[in-house]
Protein chains: 2
Amino acid sequence: MVTKQFKGSPEDADLARADSLAREIFSDVANKWALLIIEFLGERTLRFSELRNEIEGISHKMLTQNLRMLERNGLVERRVHPTVPPRVEYTLTEPGRALRETIDGLCAWTRRYLGDIEASRLRFDA
Amino acid sequence: MVTKQFKGSPEDADLARADSLAREIFSDVANKWALLIIEFLGERTLRFSELRNEIEGISHKMLTQNLRMLERNGLVERRVHPTVPPRVEYTLTEPGRALRETIDGLCAWTRRYLGDIEASRLRFDA
DNA sequence: CGGTATCCGTGTGGATACTG
DNA sequence: CAGTATCCACACGGATACCG
């Protein structure tokens, strides 16, 4: 487990550090918008406005904010073309593409169990 | 893609419904606490208080709230033993265990790219 | 012990407006 | 077009208290 806890023993200090970092990354990545951005980018390169249009319901603010975060973590690459009007393109990096594969798994899971989940909800709500 | 958008054409109505449901499930599941609960449950059966102790930093409220949500979606099973004091145990269902496998992928990804991400952050913050 | 309800601060995210 | 800043509502989540 990434998120295992390490008690105070000195030799585990760096492991504890790695763990808290892992938690941080986990929190960054395990959020709706970040996952959707990565999923939509896929193998393509998209402009800011294209992402904005494709990801239904995302606000200007959330898009920039999450893109910045993903860039900081090295999951997307941001390329600025110095033209007027400006043109900014986003592409997944290698780590980003690797992450995308696990997200694909999540999407496949959702499709696979869609019916079961809907049924379970109806049962529960009664 | 789960989250593909369907324009108004009538024959796509049910696909659009399935898609909006998929989004909903995606939002439920793509959140820090839900993912951590599922990961910690693993193959084990745990009591409420055990989960509370193992998942560092989760509040009583968040735990119940997320467990209720996961139960509603049929991802965990809740068993109540009518004793005093009460004993409530949680176990992953089959869909829950399937989901856990994709989350394992996410954890593995985090471990794999921990160093790269840390390096990227340092570069970015300068 | 586990669950629910209430209170309440704050962080998140939308809308808007302005810059390069 | 893309990004930043400001304002502000409201939903989220923590603390606390009480019930079965």
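A side-chain hydrogen bond (donor to acceptor under 3.5 Å, both in side chains) with Glu89(A) is found for one member of Arg44(A), Arg79(A), His81(A) and no other, namely His81(A).
Going from atom CG of Leu35(B) over to atom CG of Asn31(A) covers 10.5 Å, rounded to the nearest 0.5 Å.
The separation between Ile55(A) atom CD1 and dG13(C) atom C1' is 16 Å, rounded to whole Å. Atom CG of Leu46(B) and atom P of dG2(C) are 11 Å apart (whole Å). Residue Leu63(A) contributes atom CG, which lies 13 Å from atom C1' of dG13(C) at whole-angstrom precision. When the P atom of dC18(D) is taken as reference, atom NZ of Lys61(B) falls 17 Å away, rounded to whole Å. The nearest whole Å value for the distance from the CD atom in Gln65(B) to the P atom in dA5(C) is 12 Å. Atoms CD (Glu56(B)) and P (dG14(D)) sit 13 Å apart, rounded to a whole Å. Protein atom CD1 of Ile58(B) is 8 Å distant from nucleotide atom P of dG14(D), rounded to whole Å. Atoms CZ (Arg68(B)) and P (dG13(D)) sit 16 Å apart, rounded to a whole Å.
Mapped onto DNA chain C by nearest heavy atom, Pro86(A) and Met62(A) fall at different nucleotides, with Met62(A) at the one closer to the 5' end.
For dC1(C), neither phosphate oxygen OP1 nor OP2 lies less than 4.0 angstrom from any side-chain nitrogen or oxygen of Arg47(B). Remark: Ser49(B) is in phosphate contact with dG2(C), judged by side-chain N or O atoms under 4.0 Å from OP1 or OP2.
For Asp104(A) and Arg100(A), the salt-bridge test passes: some basic side-chain N is under 4.0 Å from an acidic carboxylate O. A salt bridge between Arg47(A) and Glu54(A) is absent, with no side-chain N of the basic residue lying under 4.0 Å from a carboxylate O of the acidic one.
For His60(B) against dG3(C), a side-chain-to-base donor-acceptor contact under 3.5 Å is present.
Comparing dT4(D), dC1(C), dT4(C) by their nearest atom to the side chain of Thr64(A) picks out dT4(D). In the set dG20(D), dG13(D), dG3(D), dG3(D) carries the atom at the smallest distance from any side-chain atom of Arg78(A). Listed nucleotides: dT4(C), dG14(C), dG3(D). Nearest to the side chain of Phe48(A): dG3(D).
Among the heavy atoms of the strands, none lies under 4.0 Å from Arg52(B).
Residues Arg78(A) and Tyr90(A) come closest through the heavy atom pair NE-OH, 3.3 Å.
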